Amino acid sequence: MSSLYRASKALKLCRAAPTAFSSNYYTTRLSSTSYLDSILGWTQSAFFATHSSQNVKPSIDLCQYASDRIRNFSIIAHVDHGKSTLADRLLELTGTIRKGHGQPQYLDKLQVERERGITVKAQTATMFHKHNFLGTDTEFLLNLVDTPGHVDFSYEVSRSLAACQGALLVVDAAQGVQAQTVANFYLAFESNLTIIPVINKIDQPTADPDRIKAQLKSMFDLDPSEALLTSAKTGQGLEQVLPSVIERIPPPPGKSNSPLRMLLLDAYYDEYKGVICHVAVVDGALRKGEKISSAGTGQSYEVLDVGIMHPELTPTGVLLTGQVGYIVSGMRSTKEARVGDTLYHTRSTVEPLPGFKPAKHMVFSGLYPADGSDFEALNHAIERLTCNDASVSVTKESSSALGMGFRCGFLGLLHMDVFHQRLEQEYGAHVISTVPTVPYIFEYADGSKKHIHNPATLPSNPKQRVTACWEPTVLATIIIPSEYVGSVITLCSERRGEQLEYSFIDSQRAFMKYRLPLREIVVDFYNELKSITSGYASFDYEDADYQASDLVKLDILLNGQPVDAMATIVHRLKAQRVGRELVEKLKKFIDRQMFEITIQAAIGSKVIARETVSAMRKNVLAKCYGGDVTRKRKLLEKQKEGKKRMKRVGSVDIPQEAFNELLKVS
Amino acid sequence: MFLKSTFSPIFTAIPTRIKPPKHSRAVITDAAIQPSLQTVRQNASTDTAANPSSLLLVHKLPPTSAYIHLPFCRKRCHYCDFPIIALGSSSSSSTTTTNSDCDDPRILNYVETLCREMKATKLSSDPNPPLETVFFGGGTPSLVPPKLVSLVLDTLSSKFGLCANAEISMEMDPGTFDGVKMKRLLELGVNRVSLGVQAFQEELLKACGRAHGVKEIHEAVEIVKSCGVENWSVDLISSLPHQTPDMWEESLKLAIQIQPTHVSVYDLQVEQGTKFETLYTPGEFPLPSENQSAEFYKIASRMLRDAGYDHYEISSYCKKGYQCKHNLTYWKNKSFYGFGLGSASFVGGVRFSRPRRLKDYMCYVQNLEDGLLDCSEDSFTDYKDLAVDVVMLSLRTARGLDLKSFGEAFGGSLLLSICEVYGPYVESGHMTCSDEKGRNITSDEFSFLLSDEHKMNKVVGFLRLSDPDGFLLSNELISLAFGVISP
Ligand SMILES: Nc1nc2c(ncn2[C@@H]2O[C@H](COP(=O)(O)OP(=O)(O)OP(=O)(O)O)[C@@H](O)[C@H]2O)c(=O)[nH]1
Ligand SMILES: C[S@@+](CC[C@H](N)C(=O)[O-])C[C@H]1O[C@@H](n2cnc3c(N)ncnc32)[C@H](O)[C@@H]1O
Ligand SMILES: [Mg+2]
């Protein structure tokens, strides 16, 4: 879990020591919320900006922009290499936003994004730019997509690329090529996009553009002479960016005289307008008032509003071939807006676009209402949030310890954490999360197979013999300064990794590929990797096949009673250690109660770790002096409220924190 | 879970805050007007309304007890957070009654205000029953010159009436009174003395910031005894800083030796804003650990009971027949007056605490006289609040919760829910249950009764905390009932 906190840039914002930060995570986060709120005056409504800028700016006539005057491009990079900052500069340069106004990283609109300083959702903005092209001054329409850098959100990147013909591959001039640089390069390369290397942050004293050029050449075969050198901070070199975009990236290839085909890129729910869809017009044109249908759902809609993100929603009444914009079509819920769907004119017939492969859920955890808040409230919050984050899968489940709740699937742990944070910040929900698990497969003697997304559903003493178990693996890319190679190899083999590739990017940097069980990287891996490499390692992964593995279910029992929400599945060789850690952690968080409590970790009926919490001996024996009953009563009321916040298993009260603490055990 | 289905209908069928009947007759009419609302509680209330001991009524009866706060002390003890006024060393002369011309004007002023408050207080009924108990608490009431005590008693007597055999208690500190003063107080009607001993070790008294030593304690005991005070009590505090088990046993032994009829044993509370709070953390040296402190409580319980004292309330012990009648009004949830700085009263079902700062208190009295305070009589009764108070107060006593009366007042299903939540603790021995005749109900019988509401209502008599294990965890146990009554 804590690896995520490291991954988030809030760390840098707070300048807190990493360890202190991870343990005080919740407090820090809260205080930083208000800090940013007051400094930036940021409010949630800014995200759902509904004010059209129609009245402020002269209305835009998109008809002057035929496909050959359009360029669609993404900005892709490793985490923190400056994508969002570069996007800011380009928006300023084109007068789309005013310089010095608005927040830095203008397109990072979510509160989580601002607090953590990371991009979570891809954002599109349309800009206009005059350029002398083939001898004549021509006005171009440019669609820029800022993408997230973190591995969890690479799904956002691949979606964004589908609407683009080119990408700015941003590389930090000091850090050079990192794991997500590699991953994102290949995403763009495989989509046949024109790639423009941008070596950014050249203002840094340790910048070494030549070394980076050499890396780009050796790793991606990118011509050093094609690299642009920029500083998004000082503005140096920025003037070459848009001309290069216009000259090197081809215009969108769609046919303007074919029937309309639009790719549904993203959708979110706006309180005032309803569902807003982001679309790329691949062929044909769309006008306000027209009827459209969805290839995925067969539903038809009338286009009530259509326009561009400039960067706020700006109605244009029309979207032409190759253009990217938004539509409002009276959809009731974002469930109707399937990302990757093809939209077309009702009554025409078109071949659906290829769309996207569905997002793959890597980790699952249970989400339950905390603080005695009720299930319905949480249900409502989750429903609303999934309207804006369709990449989470949600099914109902129940736990004897925690009551009714949900099993949610996430793209990764940062995604999970961001989802929790958004639930709290944007919908005021308080949640208890169970230990995240990866999806396992168990096979029984009768040949039946069971997919396990919740360890509690795996029988502790199965009637049928388990004949095989499989766990998901990932292909991990690790880039490190060469002096850390030894310790990284040790770490990976502790995590049951198998080395697939080991080479050097240049004289100082090693590049390794590993196959690792997903479970081993879900908790704490990145954290550990960073700490053994003094923060120099970069890490990325993509999902890979299942592999057979010796897995066991580890139960946690309180006074002999299993706590379903605390069950985990671990590799047999790790069971002992994980069991000890879980039991010790719980002991710290469970207060003394009227009875002695035994905490046990067990595999089937075999106990592998045990602790006891001795019974409470005495309460405050405050008297009711002079009949001052009120004071005593307040004390007892407080005690009762405290109890209410606890979850009860058998006769044992478990504080909510205990559940959240368990997330941190690997 | 259980509660939701069985208990809440009682409160939803009739509004939680209903206007309580002023006279028992009114209830009967109420029920007659709304015969459709035949809930358990309503039936019960009609049946028992005529019964003055009904838990629904007892707090509504006119008070027959008065607490009077006399806040003066020589200095503030290091553990004390009561509303007191420290007089400083100048008042040492008031130990004796002889130089009455040296009376501190602060005391005189205060007592005058106090009497004004009593006079300005509206009687809660007419005619009102005379007072049966009066308790002078502090502060250090024994610092107040007897003639001012006399003034207070006269005022009380003429305003409210005073039973001839009323229990009149006074807290007295060693070193603040002599035989003459003691005799004067007895003549005025004081007939119960509560002596603030706290500890019998010089070093502990010093560490507490007490204004007296061990010698003064023995002198005070001598005075009390030689003046023929029959009913007297000793206050002790356990878990003081640096207190060892040996010291504690010694204190208890000495307390038993001097043969008071009553002993109060308080577990040290480290209160906010006290000197102790700045110096110590509960459970940490030099304060005893939670386990040691529990041990102290057990030692006291064992030694005092062995010496023939009845452990009749969490922190109170007495020889047969010497329970503090005044304090019993608290545990029975009966009404009582409160007069003076920071004092609490419970009249007409309303709990009220007076201002703790002298200036604010003076203002309060002035407003009271000017009729600016709305002491509206017809308060609403929140039955949940009432039930919570009843449980909280009665479980402090060895007698325990009178389940019959509770069921009659609040309904059989609430009673069952309470019994249900306590089931595991009857089994673990933290609580005990008895039938009407005082015969013990075993935990097996008890869990059997839980499945039969009707039988439960019929058989059970009292539910109580066991001594010492249940008493030690009283907060934990009592708050369980809170959760049942108002989840
Ligand atoms: N010195 C210097 N700092 C820069 C430059 N560009 C961006 N930064 C800083 O680098 C940090 C990260 O910038 P972002 O624009 O948020 O990076 P990003 O690539 O969008 O990050 P993710 O969206 O989280 O992947 C910020 O503190 C920027 O101020 C640059 O050219 N020079
Ligand atoms: C109103 S106080 C003091 C009365 C009188 N001045 C005296 O010292 O005896 C009554 C009793 O409460 C107890 N007491 C006061 N403060 C306490 C505390 N913080 N913790 C435990 N007991 C306390 C003491 O035993 C004291 O005798
Ligand atoms: Mg960004």
Side-chain angles (χ1 to χ4, degrees), chain A residues 369 371-376 398-404 558-561 590-598 612-653 655, chain B residues 65 67 69 82 135 137 238-239 264-269 271 282 289-297 314-316 326-327 329-331 333 336 338 342-346 351-353 385 388-389 392-393 396 424-425 428 430 469 471-483 486-487:
Chain A
D371 285 338
S373 65
D374 66 315
F375 173 78
E376 274 316 312
S398 73
S399 143
S400 55
L402 300 173
M404 295 272 283
L558 294 179
N559 284 348
Q561 207 158 324
I590 295 183
D591 287 330
R592 291 171 126 201
Q593 287 164 36
M594 273 186 277
F595 308 102
E596 181 180 271
I597 303 163
T598 56
T612 56
V613 178
S614 58
M616 178 200 295
R617 295 295 310 282
K618 188 200 97 181
N619 277 147
V620 200
L621 290 171
K623 57 209 180 304
C624 299
Y625 182 83
D628 191 354
V629 171
T630 328
R631 190 165 158 193
K632 175 85 186 179
R633 207 178 135 159
K634 276 191 193 134
L635 185 92
L636 292 175
E637 294 278 1
K638 223 161 93 191
Q639 197 146 345
K640 178 194 90 184
E641 290 307 317
K643 276 235 162 61
K644 235 163 58 183
R645 294 194 63 250
M646 306 266 210
K647 297 291 169 183
R648 209 175 170 84
V649 172
S651 57
V652 183
D653 288 318
Chain B
S65 295
Y67 172 83
H69 195 67
F82 285 102
F135 195 100
S238 63
S239 300
S264 294
V265 177
Y266 298 121
D267 177 53
L268 177 73
Q269 301 296 298
E271 301 284 4
S289 68
E290 186 189 304
N291 282 353
Q292 286 171 314
S293 169
E295 214 41 55
F296 284 174
Y297 187 85
I314 286 184
S315 43
S316 314
H326 180 83
N327 284 345
T329 62
Y330 301 152
W331 317 136
N333 205 33
F336 56 90
S343 67
S345 60
F346 184 39
R351 296 196 186 276
F352 176 70
S353 289
D385 278 353
V388 162
D389 279 357
M392 175 177 93
L393 295 169
R396 292 186 61 99
Y425 304 97
S428 66
H430 287 100
D469 291 332
F471 277 152
L472 272 167
L473 296 173
S474 60
N475 284 359
E476 198 71 20
L477 289 161
I478 292 170
S479 64
L480 287 174
F482 277 38
S486 55

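Everything numeric here is computed off the predicted structure, so don't read it as measured data. Sequence lines set the chain letters: A, B, ... in the order given, protein chains first and strands last, and positions in each chain run from 1.
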So what's closer than 4.5 Å to chain A heavy atoms on B/H326: side chain, backbone, both or neither? neither
Hey, what's the ring geometry for A/F595 with B/Y425, parallel, tilted or perpendicular (30° and 60° as the breaks)? parallel
With side-chain contact (heavy atoms from CB on, under 4.5 Å) as the test, would you mind laying out the steps for B/R351 and A/R633 before giving the verdict? CA-CA 12 Å; B/R351 296 196 186 276; A/R633 207 178 135 159; over 6 Å; no
Side-chain heavy atoms of B/L480 within contact of A/M594, under 4.5 Å: yes
Any side-chain heavy-atom pair of B/N475 and A/K632 under 4.5 Å: yes
Scanning both residues in full, the closest heavy-atom pair of B/L473 with A/K618 reads CD2-N, 3.7 Å
A/N619 side chain to B/E476 backbone, donor-acceptor under 3.5 Å: yes
Under 4.5 Å to a heavy atom of chain A? For B/F336 that would be side chain
Given that the side chain runs from C-beta out, which part of B/N333 has a heavy atom under 4.5 Å from chain A: side chain, backbone, both or neither? neither
Distance-only donor-acceptor check, side chains A/K640 and B/S479, under 3.5 Å: no
Of the listed B/S345, B/S293, B/G137, B/S264, the one with the largest count of heavy-atom pairs under 4.5 Å with chain A is B/S293
Just verifying a value: how many Å separate A/L636 CG and B/L477 CG, rounded to the nearest 0.5 Å? 10.5 Å
salt_bridge(B/E271, A/R631) N-O dist < 4.0 Å: yes
Closest approach of B/L472 to A/R617 (non-hydrogen atoms, all atoms of both residues): CB-O, 3.5 Å
Counting only heavy atoms closer than 4.5 Å, note whether A/E641 contacts chain B via side chain, backbone, both or neither. neither
Could you measure the distance from the CG atom of A/D628 to the OH atom of B/Y330? Nearest 0.5 Å is fine. 9.5 Å
Shorter than 4.5 Å, heavy atoms on both sides: which option in B/N327, B/I478, B/V388 has the most such pairs with chain A? B/V388
